[in-house]
Structure formats: structure tokens, C-alpha cells
Amino acid sequence: MISTIRSDQALNLRERIVGLDRQVPLLDGRLAPYIFLDNAASTPPLRDVIEAVERFLPYYSSVHRGTGFKSRLSTVAYDQAHKIIGRFVGADLNINTVILTKNTTEAVNKLSYRLPIAPDSVVIATELEHHSNDLPWRDRAQVIHVRATPEGRLDEEDFDRQLAKYAGRVALVTVTGASNVTGFLQPIHRLARKAHAVGARILVDAAQLAPHRRVDMKPDDDPEHLDFVVLSGHKMYAPFGTGALIGPQEIFLQSGPEYSGGGTVDVVTLDEVHWAGMPDRDEAGSPNVVGAVAMAAAAQVLMDVGMDNIAAHEEALIEYSLDRLSGVPGIKVYGETDGAQANGKVGVIPFNLEGISHFLVAAILGYEGGIGVRSGCFCAHPYVVHLLQLSGEEATTWRTQLLDGDKSNMPGMVRASFGCYNNTEDIDGLVTMLERIVRGDYQGDYRLIPSTGEYLPANYDEIFAEHFLLED
Ligand SMILES: Cc1ncc(COP(=O)(O)O)c(C=O)c1O
């Protein structure tokens, strides 16, 4: 299995990723190939996406209101983008609408304003959520957080308990499709069936799921149907500022949008407003047409490559990574670490090295290994505190220090996350650097910056100008 994922066989996607050939400077002045393992934050663009944007830009014009050829063409492209994104998530567009947003965060916020929620209703979320699928609900309803198991999976017994306890009052069940901290996949269709059985709808935050696994909303009359899905273009190889909210038209047609203005109406008098149909009603102002084209182009490539092929490649890479990482002295990998569980998660691996700050590990990887990762709490504070098994007292001490402006002791982890183009050489590069860090074999004199918690090497000036700067 593992031997099937050498770089030349990595779905041939490597050559289709922009910037993989770009060398980056190291602390000692050498240039090195960049190993990008921070795909859970944002992926690099696909060349196909850039090409689609370049082909489109000579025709770019305003949509829906212009009568010229370019406007007419842009309107068709923009409408097609909605359809392609709808197809990407298996939505029936006779019933559902695709609303283009800036990103997942905006999409969840939009739904939190637009979903009718009765005063005594609850929203059932989970302890695994990214803040973007938790905080928007807190102002709108009582949010019940279903517990995670000690290793960080959803505690489905607790889910069942909460659902039964609040049956009849659950406005929404909202779950992440895949965790941005552990990569754990949720049984979204099983949860959908259970939510529907008590009359609730379900939202799946597919920000981390969509780049890795097929998202299928299923027919609207299927008990396992996903009512709402949100996702981000920049996490699926199209970093042009577009995300999407997909859900039933009838929900949005019940009321006016939370954001109004040009494009959202059919008729306005000085006293009356007649809102437009979907999705115009919920896409106020001039939309990001280029972003829509880019996101749709990316969705089309992922569908053409086949999400099942991407998943198979990634599972093999996860298995390889867990195996290689287990040999690093003093490493603690969070979540289940058994390679055999690779099909239960997407390529996101959080870890710590014993006795070394996660901020420091991430800094050394970046400055001396040319390896891009992320460290900290990944916008999922409750989940990370749970995974780290911090006592209540430890968590309180840290929060107090942080609120006083000192992030020196901020708990966290290092996160390596894969895209569809990563290969075993990338993992080997990571493991080699981690082994060096454990041996103390690094050069920089890293200084802690208490206000951010980051470590920066002393006496080092970044040389961005040789790579890219808008002005010197
Ligand atoms: C699971 C999950 N949900 C939501 C978000 C927010 O996405 P965005 O920053 O594109 O709004 C992220 C981003 O990391 C995420 O991983």
C-alpha cells in the first residue's frame, strides 16, 4: 500500500499545483524546496484554477445587470459556478440554492441569521467544532456541545442523549465533517438520520471535508440528507476569496436577507421592498465573480480526479506518516495513532515533542527545514484543551495569562496537514527535521515573543524582497 505513493504517482497532481517548484530561504542562507504541510489552513492554488481565471479575465465584467457581451458571458459563468459547486456537493438545485460567500465563516454566520430559530430552541454542536461553527450560534440559541471521547472522536452516545433530551426543541444539529485538529471524520449521514428523526435539520461544516472526501448531500427526501453544507474555496485549491452555503431555497425565501442592498431585490419603492429570488437575495452587492469561477474550476478538477482517488492516496499517506512519526523520540501524536484507522480521518496530524514548545518546534521547522506547518490551538480552543487533557486549573491559569497579554505558556500542538499532492518525501523531510530538533541539532537562537507566543530567530532579517513584495 505504502509503496504506491511515491511522488511520481501522487495522482499526477504535483505538477498541477502552483509554486511547488519555488525554493525558500533557510536561516543559514541556503535555499531549499518548500515542504508545505499546512493545507488545513489554506491550500496552494491548482494550475487549472489559475488557467481558468486567466481565460476568464479578458471577459470579466459585472454580472446580472450589464447588457454587453462580456456582462452576458460573465453572468453565464457566474451562474454556472453556482451549478458546479452545487454538483460538487450533490445538491438537488431544484430544491436547494448555492449562496456564494467569502468563506465558511461567513457562510455559517449567514445561516445563523437566516435560519428561523424559535426562542426556546437549542442548537446541538460538538466539542470538536472550529470556532467558526460554534460562536455564530451562541448569540442565536442555547448551544449544547456534545462531548468528545478521550481520544477526540465524537461521543455518539452523548449525541444520542442530548438529541433525546432536547427532542422537539432542536433547531439545528451542526457538526464539522472532518476536524481541523485531528482530521477525524464524523458519521454525518448517520447523525443526519438521527437529527431528522427528532424533526431537526443538520448543517455540515465541510471546510475540512470537501478537499479530502466526497461530500454528498443526498436527495432531499432521503433520511440521511444533509440540509445545509458550507465550504471554502481557499481550502480546495482556489484561494480567490469565495466560499459557499448550500441549503433549501424555501428557508431563505421565508424572509429578507441579513445584509441588504444592490442585487438583493426585484422592486423597491420609497416604502416597499420586494426581495429577489435565490441566490440573489442572499448575495448583496457586486459579487466576487472571479472567485466564483476559481472555486468552480477547482471543484471540477477534484470531481474529475475523483474524490475516491484522492481519499485512497491520502489514507496511504496518513498510514505512512503515522508509522514514520511513531519513530521520532519523545513524540506524542494526538487522536488515534493507529495507521489502520487511516480511513477514519483526513490528513491532519497533531503532535507535540516532549519538553519543547509547539511554537518553537513550528518555528524551527519553518526557519531551518523550509517546512510550513501551524501550531497553537487552531481556532478550536475547547477541543485542543480536551485533547491535551489540561486540568481545569491549568486551563484557567493559561487563560488568565493570555488575557493579560502573555501567550508564553499558551498550550497547543503542532499540526501537519496534507493536500492531495503531498507525498512520502514530504513526510520524510518532516521526520528528519523533527529528529534533528529532538537531538538539539538546530542553529538558531530562538527568542520567545510573549505577546504572540511565537519564537523568532535572533539576528535574522527576512529577505522577502528577493521573492515578492509590493514595494521595497
Ligand atoms: C473545520 C473548519 N471550519 C471552518 C473553518 C473556517 O474557514 P474559513 O476560514 O475559510 O472561513 C475552518 C478553517 O480552518 C475549518 O477548518
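For ligands, and for the atoms within them, numbers begin at 1 and follow the listed sequence. Positions are given from 1 along the sequence.
Interface of Ser232 with ligand 1, defined as ligand atoms under 4.0 Å from a residue heavy atom, comprises 7 (O), 8 (P), 10 (O). In the vicinity of Gln208, heavy-atom distances shorter than 4.0 Å reach the ligand 1 atoms 1 (C), 14 (O), 15 (C), 16 (O).
In this structure, atom 13 (C) of ligand 1 lies nearest to the protein heavy atom Lys235 NZ, 2.7 Å. Protein heavy atom in closest approach to atom 15 (C) of ligand 1: His130 CD2, 3.3 Å.
Taking the ring centre of Tyr113 as origin, the terminal cationic atom of Lys110 falls outside the region bounded by 6.0 Å and 45° from the ring axis. Annotation: cation-pi pair Arg14/Tyr421 absent, no NZ/CZ under 6.0 Å from the ring centroid and within 45° of its normal.
Within the 4.0 Å heavy-atom criterion, the part of Thr176 lying near ligand 1 is the side chain and not the backbone. In His234, the part holding a heavy atom less than 4.0 Å from any atom of ligand 1 is the side chain. Neither the backbone nor the side chain of Lys102 has a heavy atom within less than 4.0 Å of ligand 1.
Comparing Asp134, Thr105, Val108, Leu128 by heavy-atom distance to atom 8 (P) of ligand 1, the nearest is Thr105.
Taking the six-membered ring for Trp and thresholds of 30 and 60 degrees, His381 and Trp398 have ring planes more than 60 degrees apart, a perpendicular arrangement. Ring planes of Tyr383 and His386: parallel class, angle under 30° (limits at 30 and 60°).
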Stepwise salt bridge (charged side-chain N to carboxylate O under 4.0 Å, His left out) test for Asp308 and Arg213: CA-CA 7 Å; Asp308 292 346; Arg213 294 287 188 283; over 6 Å; no
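Side chains of Asn133 and Thr174: a donor on one and an acceptor on the other come within 3.5 Å.
Between Asp205 and ligand 1 there is a heavy-atom distance shorter than 4.0 Å. Ligand 1 lies out of reach of His131, whose nearest heavy atom is not under 4.0 Å from it.
The two residues Gly419 and Asn422 make their nearest non-hydrogen contact at N-OD1, 2.7 Å.
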